Amino acid sequence: MNNKAKFDLYAQMLREWSSRMNLVAPSTLDNIYTRHFADSAQLADVLPAHVSVIDMGTGAGFPGVVLAILGWHVVAIESIGKKVAFLSAVKEKLQLDNLEIYHGRLENYIANNAIDKNKTVFTARAFAPLVKILDYVAKTGCQIFLLKGREIPAEIETAKQKYKFDYELVPSRTGDGFIIIIKKCR
C-alpha cells in the first residue's frame, strides 16, 4: 500500500470512528488533509532522518501516525483507552510495523524506558503548554519538535522562568502557528 492509499484509508477511518467518539473536532472532518495531515507532515521537513519519535499525547495520531506513514519509527503515547483502540486499528489496517502504541501516561513511559538522547526526539501537537512539556521531557536531554499555535511566544516566556533552552521557531505552512524546535534544555 503506498502512502496516498494509507492517508486515504486513515482519513476514512477518522471519519468513521469520529462518528462514535471524539477524535477530532467535527468541524475539521471535511478538511482532514490540510488541517491534520499536512499540519503534522510539516515536521518531516525539520526532523532528523534517522531518529525514533516519541509522540506525546498522540490522540487520533497527530503527528505520530502521519510521521509513521512517512517512514519514522514512532512510539505513540496515549492514555485514553478509546483512542488507543482507534490507533491500534489504524496500525493494523495501514500495516504500520514502525508504529508502537503505548497505552499510558508519558511520565510512566519515560520512567520505565531507556531513552537515547542521540537517537530519539519528542513531538506533540495540541498536547500541553510548553512549560508542562519541559517538566516531562527536559531531563531526557532529547530534542523536542512541537506544533504550536500563535500563543507560543507567551508560552516561551513562561517556560523561560523555569528552564534555560535553545530554540528555533519555524512558521507553520498550514496556519498561523509555529513549529518550535528545542535543542538544549537545562
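Not measured: the values here are computed from a predicted model.
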Minimal non-hydrogen separation, Leu67 against Ser40, with atom names: CD2-O, 4.3 Å
Go through the steps to decide whether Thr158 and Leu130 satisfy the test side chain to side chain contact (heavy atoms under 4.5 Å, CB included), and finish with yes or no. CA-CA 8 Å; Thr158 300; Leu130 179 58; over 6 Å; no
Check the angle between the aromatic planes of Phe37 and Tyr33 and answer parallel, tilted or perpendicular using the 30° and 60° thresholds. perpendicular
Check: residues 90-102 side-chain donor-acceptor pairs under 3.5 Å, at least two apart:
| residue | atom | partner | partner atom | Å |
| --- | --- | --- | --- | --- |
| Lys91 | NZ | Leu99 | O | 2.4 |
| Asn98 | ND2 | Ala68 | O | 2.9 |
| Asn98 | ND2 | Trp72 | O | 2.7 |
| Glu100 | OE2 | His73 | NE2 | 2.8 |

Return the CG to CH2 distance between Leu87 and Trp17, rounded to the nearest 0.5 Å. 9.0 Å
Asn3 and Leu70: CA distance, side-chain angles, deciding distance, side chain to side chain contact (heavy atoms under 4.5 Å, CB included) verdict: CA-CA 7 Å; Asn3 284 356; Leu70 296 175; 4.1 Å; yes
Any donor and acceptor pair, going by atom type alone, linking the side chain of Thr140 with main-chain N or O of Val137 inside 3.5 Å? yes
When you group the ILVMFWY residues by side-chain heavy-atom contacts below 4.5 Å and let the links chain together, are Val131 and Ile180 in the same group? yes
Heavy-atom pair of closest approach, residues Arg173 and Gln42: N-OE1, 2.9 Å
Using atom types as modelled and distance alone, determine if a side-chain donor or acceptor of Ser19 lies under 3.5 Å from a backbone N or O of Glu16. yes
Test Phe122 against every option in Ile182, Ile115, Ile133 by the side-chain contact (heavy atoms from CB on, under 4.5 Å) rule and name the one that passes. Ile115
Hey, quick one: are Ile144 and Ile54 part of the same hydrophobic cluster, counting side-chain heavy atoms closer than 4.5 Å, chains of contacts allowed? yes
Does Arg15 have more than 12 heavy atoms from other residues, nucleotides or ligands lying within 6.0 Å of its CZ? yes
Could you pull out the closest heavy-atom pair between Ile32 and Ala11, with the gap in Å? CD1-O, 3.9 Å
From CA spacing to verdict: ring pair (Phe, Tyr, Trp, His ring centres under 6.0 Å), Phe62, Tyr10: CA-CA 12 Å; Phe62 307 119; Tyr10 187 18; 5.8 Å; yes
Give the C-alpha distance, both sets of side-chain angles, the deciding distance and a yes or no for side chain to side chain contact (heavy atoms under 4.5 Å, CB included) between Arg35 and Asp39. CA-CA 6 Å; Arg35 179 69 183 94; Asp39 190 52; 4.1 Å; yes
Could you tell me whether Asp166 and Lys183 make a salt bridge, using a distance below 4.0 angstrom between a side-chain N and a carboxylate O? no
Spatial distance of atom CG (Asn108) from atom CG (Asn112) [nearest 0.5 Å]: 6.5 Å
Quick check for you: to the nearest 0.5 Å, what is the distance between Lys132 atom NZ and Lys162 atom NZ? 8.0 Å
Heavy-atom distance under 4.5 Å between the side chains of Ile156 and Phe165, does that happen here? yes
Kindly compute the distance separating OH (Tyr136) from CD (Glu107), expressed to the nearest 0.5 Å. 4.5 Å
Where is the tightest heavy-atom contact between Ala5 and Asn2, given as atom of each residue plus distance? N-OD1, 2.7 Å
OG1 of Thr123 to CD of Gln143, rounded to nearest 0.5 Å, is 12.5 Å
Let me see the working for Leu147 and Ile179 under side chain to side chain contact (heavy atoms under 4.5 Å, CB included), right down to the final yes or no. CA-CA 5 Å; Leu147 294 159; Ile179 298 170; 3.7 Å; yes
Heavy-atom closest pair (Pro63 atom, Ala124 atom, distance to 0.1 Å) is CD-C, 4.0 Å
Side-chain donor/acceptor pairs under 3.5 Å, residues 75-86, sequence neighbours excluded:
| residue | atom | partner | partner atom | Å |
| --- | --- | --- | --- | --- |
| Glu78 | OE1 | Gly59 | N | 2.6 |
| Glu78 | OE2 | Ile80 | N | 3.1 |

Does Leu134 share a hydrophobic cluster with Tyr109, counting links as ILVMFWY side-chain heavy atoms below 4.5 Å and allowing steps through other members? yes
Look at the side-chain heavy atoms of Ile, Leu, Val, Met, Phe, Trp and Tyr, link any pair under 4.5 Å apart, and say whether Leu43 and Val24 land in one connected group. yes
Gap separating the NZ atom of Lys4 from the CG atom of Leu9, nearest 0.5 angstrom: 11.5 Å
I want to check something: taking the side chain as every heavy atom from C-beta on, are Asp45 and Val170 in contact at a cut-off of under 4.5 Å? no
If I compare all heavy atoms of Ala138 with all of Tyr163, which pair ends up nearest, and what's the gap? CB-CE2, 3.9 Å
Do Tyr167 and Val46 belong together in a cluster built from hydrophobic side chains that touch within less than 4.5 Å? no
